[in-house]
Amino acid sequence: MSEFVAYFNGDWIPKSECKVHISDRGFALGDAIYEAERTFDGKIFDLDGHMDRLFRSLKYVRIDPSVTYEQMKSLCIESVDRNMHMWKDGHDFALRQYVTRGSGSSVSETVPPVVYVGVDYVGFRRFSKMYDEGGHVIFARSRSYSPNSLDPKIKHLSRMNFALAELEAADVDPDSWPVLLDQDGNISEGVTFNFWIIKDGVIITPRDKNILQGVTRKTVIDLAKKLDIPVIEEDIQLYDAYTCDEAFITATSHSVLPISKLDGRPISEDIPGPVVRQLISGWSEMVGVDIVDQARRNA
Ligand SMILES: Cc1ncc(COP(=O)(O)O)c(C=O)c1O
């Protein structure tokens, strides 16, 4: 079969046949949780970290996924194994799991959830040239959700503020990466990534009060400690960002990606800067794949 196969409500079927009902609450209301991993050379990176976050999100929003933690973990591994007929050497897989609350007429009606576990290719094209050139961040007008309304620690699919932020950023720079401020005007995170600056050799990233607790973020904090680079988590204002020495973003797909401009303002001549370069090579060593070379080859 020249198509990906996916787990969908108990069966393995062609991905193109995975369809939700119009009354599914995930579709109708964004009442759904998801998780995303990737492989490096075919091995899923930190599956436990992703499963922990998936099951924390499900527990918080009280969706019973109908599969256990261990079963979900096995389904993820099986989704890679079952799609090896689609494997391309030098490429890698991006995994996704979606769990919706199903088609109940109210939030408390007990109906079966919709559970999807599938893979695709990592979308290198979106970011491959940015390891050399750096990405452009635009600070959007739309704010991130406050933890008082919808806690950003949940990896959910109620993301209209992110869609608006993407539109606002694209109005300014079509190739940009939108970052949202929190309700107090501090920098929170990007629409699918965490945000970092470096000042005087210290890596600074927002505290985890107003952001998704990125699996890549946690790994970068550990990696920086191993490399003897100090890391602090604190509020970052636009002033701190505009006057930083280096900036980067992190997410599962691209790991560590240098940023060259913030709201159109160049950060420095040297992209990637010395600290980001150390992180990228440390990451490549850790996963056994040269992530810059891989992205360039799959541009
Ligand atoms: C809002 C948001 N922040 C941060 C991240 C980065 O998280 P991770 O490093 O686990 O991919 C994501 C990933 O999808 C995200 O959606």
Side-chain angles (χ1 to χ4, degrees), residues 30 32-40 44-58 60-61 76 92-99 118-120 122-124 126-127 130 135 137-140 142-147 149-166 168-169 176-183 186-197 203 205-224 231 233 236 247-257 259 279-280 282-283 286-287 291 295:
I33 294 298
Y34 82 107
E35 191 53 56
E37 304 82 16
R38 68 159 284 180
T39 62
F40 288 100
I44 304 172
F45 182 74
D46 196 359
L47 182 55
D48 284 341
H50 286 280
M51 289 295 101
D52 288 352
R53 185 171 65 188
L54 173 63
F55 277 77
R56 282 200 305 275
S57 293
L58 289 165
Y60 185 82
V61 303
C76 292
D92 259 302
F93 284 155
L95 289 81
R96 284 237 161 186
Q97 302 87 51
Y98 294 109
V99 183
V119 306
D120 206 325
V122 173
F124 291 110
R126 167 74 173 109
F127 56 82
M130 310 224 174
V137 156
I138 296 291
F139 294 106
S142 293
R143 297 284 169 110
S144 62
Y145 292 125
S146 141
S149 55
L150 184 53
D151 200 312
K153 291 191 184 71
I154 313 161
K155 198 163 165 76
H156 59 78
L157 285 170
S158 306
R159 298 192 152 210
M160 186 58 89
N161 61 338
F162 284 177
L164 294 177
E166 284 189 60
E168 290 157 10
S176 61
W177 298 74
V179 169
L180 292 86
L181 306 182
D182 68 19
Q183 300 294 315
N186 297 310
I187 293 170
S188 61
E189 63 187 335
V191 294
T192 52
F193 53 90
N194 290 115
F195 179 81
W196 311 66
I197 59 171
I203 299 177
T205 198
R207 293 176 294 135
D208 75 359
K209 183 169 172 241
N210 285 324
I211 59 168
L212 184 78
Q213 296 164 312
V215 173
T216 320
R217 178 181 180 276
K218 182 179 179 305
T219 313
V220 164
I221 291 173
D222 294 343
L223 182 62
V231 185
E233 298 174 54
I236 304 178
F248 65 100
I249 59 176
T250 57
T252 289
S253 52
H254 48 69
S255 313
V256 175
L257 202 60
I259 294 300
L279 291 173
I280 291 174
W283 189 285
M286 175 181 69
V287 298
I291 56 171

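Note that the structure is a prediction, hence the values are computed from the model and not measured. Note that ligands are numbered from 1 as they come in the structure, with each ligand's atoms numbered from 1 the same way.
Every atom of ligand 1 is numbered from 1 in the order shown, and the set under 4.0 Å from a heavy atom of Val191 is 1 (C), 16 (O). Counting atoms of ligand 1 from 1 in the listed order, those under 4.0 Å from a heavy atom of Glu189 are 1 (C), 2 (C), 3 (N), 4 (C). Heavy-atom proximity to Tyr34, at under 4.0 Å, picks out these atoms of ligand 1: 14 (O), 16 (O). Listed by atom number, the atoms of ligand 1 under 4.0 Å from Gly190 heavy atoms are 1 (C). Close contacts of ligand 1 with Gly214, meaning ligand atoms under 4.0 Å from a residue heavy atom, involve 7 (O), 8 (P), 9 (O), 10 (O).
Between the side chain of Glu189 and the backbone N or O of Leu212 there is at least one donor-acceptor pair closer than 3.5 Å. Panel note: side chain Ser57, backbone Lys155; a donor-acceptor pair is recorded below 3.5 Å. Thr216 places a side-chain N or O within 3.5 Å of a backbone atom of Thr252 that can act as its donor or acceptor partner. A donor-acceptor pair under 3.5 Å links the side-chain atoms of Tyr145 to the main chain of Ser158, judged by distance alone. Judged by distance alone, with hydrogens and angles left aside, the side-chain atoms of Lys153 form a donor-acceptor pair with the main-chain N or O of Asp208 at under 3.5 Å.
Taking any N or O of Thr216, backbone or side chain, at least one lies under 3.5 Å from an N or O belonging to ligand 1. Polar contact with ligand 1: absent for His50 (N/O pair, distance under 3.5 Å). Not one N or O of Phe162 is nearer than 3.5 Å to an N or O of ligand 1, by distance alone. The shortest N or O to N or O distance between Gln213 and ligand 1 is not below 3.5 Å.
The option from Val215, Asn194, Thr192 that lies nearest to atom 10 (O) of ligand 1, judged by heavy atoms, is Val215.
The nearest protein atom to atom 11 (O) of ligand 1, hydrogens excluded, is given as Thr252 OG1, 2.6 Å; this is a heavy-atom distance. Counting protein heavy atoms only, atom 13 (C) of ligand 1 is closest to Lys155 NZ, 3.2 Å.
Using a non-hydrogen distance threshold of 4.0 Å, Arg159 registers as a contact of ligand 1. Residue Ala251 places a heavy atom under 4.0 Å from ligand 1.
For the pair Thr192 and Ala251, the tightest heavy-atom approach, listed with the atom from each and the gap, is O-CB, 3.3 Å.
Neither the backbone nor the side chain of Phe45 has any atom closer than 4.0 Å to an atom of ligand 1 (non-hydrogen atoms only). With a 4.0 Å cut-off on non-hydrogen atoms, Glu37 does not touch ligand 1 at all.
Applying the ring pair (Phe, Tyr, Trp, His ring centres under 6.0 Å) criterion to Phe124, with sequence neighbours excluded, gives His91, Phe127. Remark: Arg53 pairs with Glu35 by the salt bridge (Lys or Arg N to Asp or Glu O under 4.0 Å) rule, at least two apart or across chains.
With contacts defined as side-chain heavy-atom distances shorter than 4.5 Å, the pair Leu279/Ile203 qualifies.
The only option from Trp177, Trp283, Phe248 that meets the ring-ring contact (aromatic ring centres under 6.0 Å, His included) definition with His254 turns out to be Trp177.
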